Number of protein chains: 2
Amino acid sequence: MSLDVGTHLKAVRQMYGLSQRELAKRAGVTNGLISLIEQNRVSPSVSSLKKVLDGIPMALADFFTLDLGGQPPVFFARQDLSDIGTGSVELRLVGSRLAKRSMTILHERYAPGADTGEEMLTHPGEEGGVIVKGKLEVTVGGESRTLGPGDAYYFKSSLPHRFRNVGREECEIVSASSPPSF
Amino acid sequence: MSLDVGTHLKAVRQMYGLSQRELAKRAGVTNGLISLIEQNRVSPSVSSLKKVLDGIPMALADFFTLDLGGQPPVFFARQDLSDIGTGSVELRLVGSRLAKRSMTILHERYAPGADTGEEMLTHPGEEGGVIVKGKLEVTVGGESRTLGPGDAYYFKSSLPHRFRNVGREECEIVSASSPPSF
DNA sequence: CTTAACTGTCTATTATAATAGACGCTATGA
DNA sequence: TCATAGCGTCTATTATAATAGACAGTTAAG
């Protein structure tokens, strides 16, 4: 997010077909304030911005998440999935690396004994996946479990987590995380 | 979002193991400000909040999206994935159906000849997936492509789309969509 | 050409966010 | 016991967000 709150607000407001005064009335603020915000002459307080968005209505989270424009879809042959070499685990990204996405979908391959590293991972968002082949030890928030083909996991990524291939066979999974991690 | 920015910020800060002063230093604001924000004695301007979050670092969108309540994570054995019987396609949902999720992850099985129905699907959000087994014809925005094991797709769900198993073998894929569709 | 209702912008004033620095509290160590 | 260093909170001052109300431009009706 560019922090260009003004331009963004203006686009959103016009998308809903509202004038500054109309929105101001619904939001319980002055039209002048909306003018100033849209020109980026002030950085609104969170409470004011919330009041304004309530007049639309739109949630704060949606406002900051909203992406205005662009569409690069498509298909990806297996050899077109970009490899993200992260140590002993092979990560193949589904989708364009450049395009703005709301998720990261990965086709992951763990060699026997491979793992995500010593320290536990923590980051915002959620992630989940399905084991396609082999055996994978999944540790989340202190709890461990070994999963096989067809088994799955889903958790908030803020919980410390770690993955390890405990089988002697290669392990293959498909995972997704939101917001995108790559 | 409750607009209890203070409590939320405090929780996030502590989750990252930072003191008010430490975070203030990284963010380039005073520790006093962080104290005041966390007590909800002021509503920070968007620009200040961004500065603070940059010190963590965390995006504004993530901050407002992040849900800090409860913890219903877990592991799911294949037989625990709830089946969502949608016609001839078997959809197995990864994650609790009740819990708030930002994505829907599905383990899908298409019988030979099975498809998602006559009419094209369109809905907000994005979706993507990886073909695990068999052959699947994917149609998006007028364009069709037959994908095999290891191939993948990713597109904005607002584009009309449709899936069909064109092989004589069962087809198996793992997909994800955001926001959640189930 | 008026008149009226609308658009967004601007300025002077008031309310509030943000700073700098002091304060009290709880360790930890000499 | 007396530092010293960490923690979060508080107050007085300064910087900035927010208001009220005037202003100019545009469109449509009489």
Side-chain angles (χ1 to χ4, degrees), chain A residues 1-66 68-69 122 124 158 160, chain B residues 1-66 68-69:
Chain A
M1 209 12 222
S2 46
L3 190 53
D4 185 355
V5 173
T7 311
H8 196 62
L9 174 61
K10 185 171 186 176
V12 170
R13 174 177 61 80
Q14 292 177 334
M15 179 175 298
Y16 282 81
L18 298 170
S19 70
Q20 290 183 345
R21 279 185 160 84
E22 174 65 21
L23 178 53
K25 196 175 121 196
R26 300 192 190 191
V29 299
T30 56
N31 61 305
L33 175 58
I34 294 184
S35 175
L36 293 173
I37 292 173
E38 291 189 351
Q39 296 171 85
N40 285 315
R41 292 169 57 103
V42 300
S43 174
S45 71
V46 171
S47 57
S48 311
L49 182 58
K50 170 152 176 44
K51 275 201 275 183
V52 171
L53 293 177
D54 282 347
I56 290 186
M58 171 177 284
L60 275 167
D62 293 346
F63 179 79
F64 286 107
T65 304
L66 228 191
L68 264 27
T122 70
S158 53
Chain B
M1 205 21 220
S2 47
L3 191 55
D4 185 357
V5 173
T7 310
H8 195 64
L9 175 61
K10 184 170 185 176
V12 169
R13 174 177 62 80
Q14 291 176 336
M15 177 177 299
Y16 282 80
L18 298 170
S19 69
Q20 290 183 347
R21 281 185 159 81
E22 174 66 19
L23 177 54
K25 197 173 118 194
R26 299 191 191 193
V29 300
T30 57
N31 61 303
L33 175 58
I34 293 183
S35 175
L36 293 174
I37 292 173
E38 290 188 350
Q39 296 170 84
N40 284 317
R41 293 168 57 102
V42 300
S43 174
S45 70
V46 171
S47 57
S48 310
L49 181 58
K50 170 150 175 48
K51 275 202 275 184
V52 171
L53 293 178
D54 282 347
I56 289 184
M58 171 177 287
L60 275 168
D62 293 347
F63 178 78
F64 286 108
T65 304
L66 230 189
L68 254 33

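For clarity, every value in this text was computed on a predicted model and none was experimentally measured. Lettering follows sequence order; numbering is per chain, from 1.
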Provide the closest heavy-atom pair for Leu23(A) versus Val52(A) in the form atom of the first, atom of the second, distance.
CD1-O, 3.6 Å
Looking only at non-hydrogen atoms, find the nearest pair between Arg26(B) and Gly55(B) and report the distance.
CD-O, 3.3 Å
May I ask you to decide if [Y]'s main-chain N or O and [X]'s side chain share a donor-acceptor pair within less than 3.5 Å?
| X | Y | result |
| --- | --- | --- |
| Gln39(B) | Ser35(B) | yes |
| Ser47(A) | Ser43(B) | no |
| Asn40(B) | Gly6(B) | yes |
| Arg13(A) | Leu18(A) | yes |

Against Gln20(A), only a single residue in Thr30(A), Ile34(A), Leu33(A) fulfils side-chain contact (heavy atoms from CB on, under 4.5 Å); can you say which?
Ile34(A)
Counting only side-chain nitrogens and oxygens, does Gln20(B) get under 4.0 Å of the OP1 or OP2 atom of dT9(D)?
yes
Taking only N and O in the side chain of Arg41(B), is any of them less than 4.0 Å away from OP1 or OP2 of dG8(D)?
no
With a 4.0 Å heavy-atom cut-off, tell me which residues in residues 28-37 of chain A come close to DNA chain C, sorted by residue number.
Asn31(A), Gly32(A), Ser35(A)
In the 5' to 3' direction, the nucleotides of DNA chain C bounding the stretch that comes under 4.0 Å of a heavy atom in chain A are dT7(C) to dC10(C)
Taking atom C1' of dG8(D) as reference, at what distance in whole Å does atom CD of Glu22(B) sit?
15 Å
Nearest heavy atom decides the nucleotide; on that basis, is Glu38(B) or Pro44(A) closer to the 5' end of DNA chain D?
Glu38(B)
Can you list everything that forms a side-chain hydrogen bond (donor to acceptor under 3.5 Å, both in side chains) with Gln14(A)? Sequence neighbours excluded, please.
none
